[in-house]
Asker: 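A single structure is presented below for examination.
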Amino acid sequence: MSELKQKIIEQAKKLGADMIGFASVQRFAPENIPQKILPAAQTVIGLGFRVLRGSLRGVEEGTTYYQYTTMGIELLEEIYMPQVMMRLSGVIEDAGYIAAPQKNHQMIMADPEKTNPEMNYARVWRGIDMPQLDFTKAAHACGLGEIGASGQLLTDEFGPFQRVCFIITDAKIEEDPLISRHLCDACGKCKEACPGKALQGEKDYQLNTWQCAAYLRGGNIEKNPFLGQDFLEGYPDREKILHGKKQLTPEEAKAYMAELNFYPPMKHAYATNVCGRACDRACYIHLEEKGVLKRKFANKFRDGEDWKLNQ
C-alpha cells in the first residue's frame, strides 16, 4: 500500500468515515463520469457512513418518525458527511493533488419522468442532464459493497444501513477489489416489506419512484398511526390506496402526497420518512438472522412480528 493511500485511510477513519474504498477511473468506463467532472482524474475515493440502528427505533416501534429523517438522512447528507469529505479533501490537496468532493445533490435528476422519493417532489429539478456519479454503482466500483436485488448498496459491516459520498482526485492510487454479490440471496423480503409495493419485477427489482415517494411519506394506513378512520373519505379508490394495492400514476401520487401532511417539513426539503425504508429494514433483519453481518449487537433489530395497525 502506498504511503498516500495509507494516510488517506487513516485520516478518513480519524475524521469519522466508517468505510473507505478506492477505484481507478477505468472502472467507470464507458460513461467516464469522473473524467467529465475532473479531466485529470485518476482515482475515485468512496466514503461510507453508517446509519445508526437507533435512528430507526421510532419507526420500528411505530412511535416517532422524524428522528430517522433528521438523524439518519438529513444530518448525515447535509452536515456530517460533507464536513468529513471536505476535511479529507484538504488532506489530499495538502499532498499536492486535486480533490473534487462529490456530494449527492438530491434535488437534481436527469430523468424528467421520475422523482427522488426522499425529497419533497415539488423541490426536485428534473431533466437536468449533467455529469453526476451514480452513487450506488460508484460505491460498488470503489469496493465498498455489493448491489442487492433492491438496488441498494449492501456491506458486510452495516447491511443496507449506510450512506456514501466521493472524492475524485488526480492522484493515482491503487484500487480495492470489487465485492461480488454474496449477502443478497434474492429472498424477496425487501419487496414484500414495501408498504406501497414500489419494488417491481421478479429478480433484480425496478423501483417505481412515484409509488415509493407516496408510501415513504406514510401512505399505507396499516403503517401510519397519524391517518384517522375518516382520512380520504370519499376519495376515489380509497381502500386500495390506503392499503398500498393501487399503482399510482405520477399525478395521482402528487395528489395523494398533498394530503399526507402531519409533520413539519425538513430544512433541506427532505420528506419525513414514515416508512423508515421498510425494504432496508426487512433486508437487515434477514441478514442479521442469517448471521452474515460482521457487527453483532446485544439485541436483535426486531424481536417478533413487524407491527401494523388493525385497519
Side-chain angles (χ1 to χ4, degrees), residues 17-19 21 23 46-53 55-56 59-60 68-69 71-74 76-77 81 102-104 106 109 111 114-119 132-166 178-217 270-271 273-290 292-295 301-302 306:
D18 293 298
M19 298 178 289
L47 302 172
F49 299 79
R50 76 181 81 180
V51 174
L52 295 174
R53 287 180 19 145
S55 68
L56 286 155
V59 177
E60 181 65 17
Y68 170 54
T69 310
M71 305 304 291
I73 302 175
E74 188 174 39
L76 283 176
E77 290 282 354
M81 289 164 54
Q102 301 297 299
K103 176 190 176 297
N104 194 1
Q106 302 277 51
M109 296 190 69
D111 192 332
K114 295 183 179 181
T115 193
N116 180 349
E118 287 191 335
M119 306 302 294
Q132 285 198 98
L133 293 172
D134 180 313
F135 272 40
T136 305
K137 291 180 180 178
H140 172 63
C142 289
L144 293 179
E146 65 182 82
I147 300 176
S150 69
Q152 283 293 94
L153 177 72
L154 305 179
T155 68
D156 292 321
E157 291 278 343
F158 308 110
F161 291 167
Q162 64 268 307
R163 303 184 82 90
V164 295
C165 59
F166 301 89
L178 293 171
I179 297 177
S180 60
R181 184 179 287 187
H182 63 287
L183 294 172
C184 180
D185 57 7
C187 68
K189 300 289 186 182
C190 55
K191 183 180 179 181
E192 294 171 13
C194 178
K197 306 306 175 190
L199 287 170
Q200 299 165 358
E202 297 302 323
K203 192 176 180 182
D204 284 347
Y205 310 126
Q206 298 296 313
L207 180 67
N208 181 326
T209 59
W210 288 103
Q211 190 81 2
C212 177
Y215 289 92
L216 176 149
R217 285 172 173 248
Y270 289 93
N273 194 315
V274 175
C275 89
R277 300 287 311 178
C279 52
D280 286 352
R281 286 185 290 125
C283 174
Y284 185 91
I285 291 162
H286 178 64
L287 296 177
E288 187 175 54
E289 288 175 348
K290 286 173 60 180
V292 296
L293 297 176
K294 290 182 178 179
R295 288 184 176 258
F301 185 79
R302 180 181 297 163
D306 185 21

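Since the structure is predicted, the reported quantities are computational estimates derived from the model, not experimental observations. Side chains are part of it too, since the values below use all heavy atoms of this structure and drop only hydrogens, waters and symmetry mates.
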Asker: My understanding is that only residues two or more places apart in sequence, or in another chain, count here; which of them pass side-chain hydrogen bond (donor to acceptor under 3.5 Å, both in side chains) with Glu289?
Answerer: none

Asker: The criterion is salt bridge (charged side-chain N to carboxylate O under 4.0 Å, His left out); which residues satisfy it with Lys137, sequence neighbours excluded?
Answerer: none

Asker: Does NZ in Lys189 sit with more than 12 non-hydrogen atoms of other residues, nucleotides or ligands closer than 6.0 Å?
Answerer: no

Asker: Counting C-beta onward and ignoring hydrogens, is there a side-chain heavy-atom pair between Tyr68 and Ile73 closer than 4.5 Å?
Answerer: yes

Asker: Give a yes or no on whether a salt bridge exists between Arg163 and Glu74, defined as a side-chain N under 4.0 angstrom from a carboxylate O.
Answerer: no

Asker: Side-chain donor-acceptor pair under 3.5 Å between Thr155 and Gln162, yes or no?
Answerer: yes

Asker: Run the salt-bridge test on Asp185 and Lys290 with the 4.0 Å N-O cut-off and return the result as yes or no.
Answerer: yes

Asker: Are more than 12 heavy atoms from other residues, nucleotides or ligands located less than 6.0 Å from atom CD of Gln200?
Answerer: yes

Asker: May I ask you to decide if the ring planes of Phe135 and Phe166 are parallel, tilted or perpendicular, using 30° and 60° as cut-offs?
Answerer: perpendicular

Asker: Are any side-chain N or O atoms of Lys191 and backbone N or O atoms of Lys203, one a donor and one an acceptor, separated by less than 3.5 Å?
Answerer: no

Asker: Is the closest side-chain heavy-atom distance between Leu199 and Cys279 below 4.5 Å?
Answerer: yes

Asker: So that I can tick it off, tell me whether Arg302 and Glu60 are bridged by a salt bridge, with the cut-off set at under 4.0 angstrom between side-chain N and carboxylate O.
Answerer: yes

Asker: Side chains of His140 and Glu146: do they bring a donor and an acceptor to under 3.5 Å?
Answerer: no

Asker: With a 4.5 Å heavy-atom cut-off, do Leu154 and Ile147 have their side chains touching?
Answerer: no

Asker: Under the 3.5 angstrom rule, does the side chain of Thr136 hit a backbone N or O of Leu153 as a donor-acceptor pair?
Answerer: no

Asker: What I want to check is whether the side chains of Tyr284 and Arg53 have a donor and an acceptor closer together than 3.5 Å.
Answerer: yes

Asker: How far does CD of Gln106 sit from CG of Asn116, to the nearest 0.5 angstrom?
Answerer: 5.0 Å

Asker: Is it true that Asn104 and Glu77 share a donor-acceptor pair across their side chains at a distance under 3.5 Å?
Answerer: no

Asker: Under the ring-ring contact (aromatic ring centres under 6.0 Å, His included) rule, what do Phe161 and Phe301 come out as? Steps first, then yes or no, please.
Answerer: CA-CA 12 Å; Phe161 291 167; Phe301 185 79; 5.8 Å; yes

Asker: Do other residues, nucleotides or ligands put more than 12 heavy atoms under 6.0 Å from Met71 CE?
Answerer: no

Asker: Quick check: do Tyr215 and Cys194 have side-chain heavy atoms less than 4.5 Å from each other?
Answerer: no

